[in-house]
Amino acid sequence: MTRVTVIPVVMILSFFQRKTLFSTSLTSGQLDVVDALGLRNVLWITKHESRVVLSWNNNLTKEETEKYTVKYILSYKFFNTTHERKERLQEKKKIIRLELYSGFNAKVKTQVFVKETEDVIKESGWTEFTYKAPPVYIRNLSCIIYNISFFNCTWHIKAEAPEDIQIFFSYRHIGKDFECQKYIKNARKKNIGCHMKEIYFQSSRKINLNITVRDLRNNSRGPSYYKAFIPQTIEKLNPPINVSISLENRSIKVRWKPPPTVGSASNKCFLYQVKITDRKIVDVTAETYEYPFHKPSKKCAAQVRVKKEICIRNKIWSEWSEPVFIHDEQTVDVMLLSLTLFCLLIFLGGLLICACRRYRCLEVITMPVPHPSDNIKTWLAADETHHQKQMSEMHSEITLGIPEENGDENVQHRCLKESGLEDL
Ligand SMILES: *[C@@H]1O[C@H](CO)[C@@H](O)[C@H](O)[C@H]1NC(C)=O
Ligand SMILES: *[C@@H]1O[C@H](CO)[C@@H](O)[C@H](O)[C@H]1NC(C)=O
Ligand SMILES: *[C@@H]1O[C@H](CO)[C@@H](O)[C@H](O)[C@H]1NC(C)=O
Ligand SMILES: *[C@@H]1O[C@H](CO)[C@@H](O)[C@H](O)[C@H]1NC(C)=O
Ligand SMILES: *[C@@H]1O[C@H](CO)[C@@H](O)[C@H](O)[C@H]1NC(C)=O
Ligand SMILES: *[C@@H]1O[C@H](CO)[C@@H](O)[C@H](O)[C@H]1NC(C)=O
Ligand SMILES: *[C@@H]1O[C@H](CO)[C@@H](O)[C@H](O)[C@H]1NC(C)=O
Ligand SMILES: *[C@@H]1O[C@H](CO)[C@@H](O)[C@H](O)[C@H]1NC(C)=O
Ligand SMILES: *[C@@H]1O[C@H](CO)[C@@H](O)[C@H](O)[C@H]1NC(C)=O
């Protein structure tokens, strides 16, 4: 008699076993009992302000519940996403935070275990449930904490959002509610962000955002969206401070200190990147970096940036620090020396040319040729008489009309002009 019943039961159980999520093995002793169990779940949700609670039951009797271990497999996926979340739970409910999702598909099944061995002896089929949330009018919500006490959040308003709505922003942190200090608006005067400053953040406590839609026609409250962050995960650090660069033992040494932070300031939390002119960016965990660089020929700059990595996952890098330039006395000396030499050479060269001209000039002037300055003075003095002026012009014409037969006279010509200008 027992044989007859065992065979179909084993068949059914092996069928179930194949569908089981987690590896199981069957125990033959419990087979009669298992066959008598029918499993079924009923799902429902309860809505709360910032979350929905998905609940379910099973239809096991009290004795069965006491005799076996009962667990549930929950699988759910938000609308318009591909990631499916799967969990094995002992309780009969799950709090689901919708954030900006417009709903989810969920399914639950029951697994019955032998208490002593924790082997699955039976599981139910899936029971499915779909929850459609009120419309979500915003997307791409992103928040950032920067410069210790500044807080920015931005979002986009979806195209399908009604025209007559406005978006309001508030948040709760350490048991207190905060309204937005200054809204960032788009061209249509809709709030698309919030800027806040002088905010104190406690790194271990969550920031609970509440973004509420209002219907402007009758000023009634529309849907609210909720999202929570740990401050450290959205913090953009300031650049590292006291960055310095020096040449030591024929290598470049860059030093810095970590910036202040709302979270843990432990040295091991920070990850740095160092950028030295034209070199590959390197990751560093210490507060110093040495680059063996034998000939810092030209101007060499170093910059450092930082983010939290080890203590908490954070994707936001700080800005790069202001560049610091190599400050090496030798380099500076060589540069200065060559510059001085160069200037000196130009100066001397110029002096030489001028002296040469002047010398030849003087040589020429000693010759019995009228001095041009005298000429011009005469010309100016003889302004009353037209005749005298003409004479002077003729004279100067004569002076300028020296034949260009030899170079010396050419030089004389130029020098005359120059000294004439000087006198004027
Ligand atoms: C549980 O539900 C299943 C399916 O409706 C049914 O076959 C089974 O008898 C029920 N079990 C109990 C203990 O009510
Ligand atoms: C998102 O999912 C819902 C429900 O599955 C669907 O009605 C809607 O068209 C989807 N939206 C987009 C943009 O894919
Ligand atoms: C905004 O979100 C949509 C999906 O909701 C995405 O396709 C788009 O790339 C996002 N835009 C930005 C600027 O992040
Ligand atoms: C950063 O914060 C300090 C002190 O709160 C303030 O003086 C400074 O102006 C801020 N810097 C920027 C860039 O906002
Ligand atoms: C934060 O918002 C203010 C106001 O729009 C803007 O000036 C500032 O650049 C923003 N800061 C960051 C880090 O996004
Ligand atoms: C969210 O903000 C709205 C509007 O200010 C408010 O009515 C609602 O109670 C808030 N929700 C929570 C959970 O505090
Ligand atoms: C406000 O107006 C909207 C759109 O006209 C309507 O759907 C909503 O029911 C109204 N609410 C109240 C409280 O009158
Ligand atoms: C940074 O440099 C300033 C001035 O040189 C100094 O007062 C300060 O203590 C330094 N900070 C750190 C963390 O070393
Ligand atoms: C330079 O190197 C020598 C040994 O190679 C070491 O003793 C000295 O401390 C180093 N100096 C600096 C400033 O790093």
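In what follows, residues are counted from 1 in the order of the sequence shown. Atoms within each ligand, like the ligands themselves, are counted from 1 in listed order. Hydrogens, waters and symmetry mates play no part in the numbers below; they use all other heavy atoms, side chains included.
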**OP:** Could you check Phe104 against Tyr131 for side chain to side chain contact (heavy atoms under 4.5 Å, CB included), going step by step and ending with a plain yes or no?
**Re:** CA-CA 5 Å; Phe104 59 81; Tyr131 174 69; 3.7 Å; yes
Original post:
Stepwise, does the side chain to side chain contact (heavy atoms under 4.5 Å, CB included) test hold for Lys71 with Glu118?
Top reply: CA-CA 11 Å; Lys71 288 184 184 172; Glu118 289 291 309; 3.6 Å; yes
**OP:** Let me see the working for Ser251 and Tyr291 under side chain to side chain contact (heavy atoms under 4.5 Å, CB included), right down to the final yes or no.
**Re:** CA-CA 5 Å; Ser251 65; Tyr291 186 81; 5.9 Å; no
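Residue-ligand proximity, Arg139 to ligand 3, at heavy-atom distances under 4.0 Å covers atoms 1 (C), 2 (O), 3 (C), 5 (O). Against a heavy-atom cut-off of under 4.0 Å, Ile184 is close to the following atoms of ligand 5: 5 (O).
Note: Phe178 and Tyr171 have parallel aromatic rings, judged against thresholds of 30 and 60 degrees for the angle between ring planes.
The side-chain contact (heavy atoms from CB on, under 4.5 Å) test with His156 is passed by exactly one of Ile138, Ile192, Asn140: Asn140.
Counting only residues at least two apart or in different chains, ring-ring contact (aromatic ring centres under 6.0 Å, His included) contacts with residues 249-285 comprise Trp256-Tyr272. Applying the disulfide (SG to SG under 2.5 Å) test to residues at least two apart or on different chains, the pairs with a partner in residues 191-260 are Cys180-Cys194.
Thr285 is linked by a side-chain contact (heavy atoms from CB on, under 4.5 Å) to Leu271, counting only residues two or more places apart in sequence or in another chain.
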May I have a table of the N/O to N/O pairs between ligand 4 and the protein that fall below 3.5 Å, each row giving the two atom names and the distance to 0.1 Å?
{"residue": "ligand 4", "atom": "2 (O)", "partner": "Asn147", "partner atom": "OD1", "Å": "3.2"}
{"residue": "ligand 4", "atom": "2 (O)", "partner": "Asn147", "partner atom": "ND2", "Å": "2.4"}
{"residue": "ligand 4", "atom": "11 (N)", "partner": "Asn147", "partner atom": "ND2", "Å": "2.7"}
{"residue": "ligand 4", "atom": "14 (O)", "partner": "Asn147", "partner atom": "ND2", "Å": "3.3"}

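Close N/O approach between Asn152 and ligand 5 is found [any backbone or side-chain N/O within under 3.5 Å]. Not a single N or O atom of His156, backbone or side chain, sits closer than 3.5 Å to an N or O atom of ligand 3.
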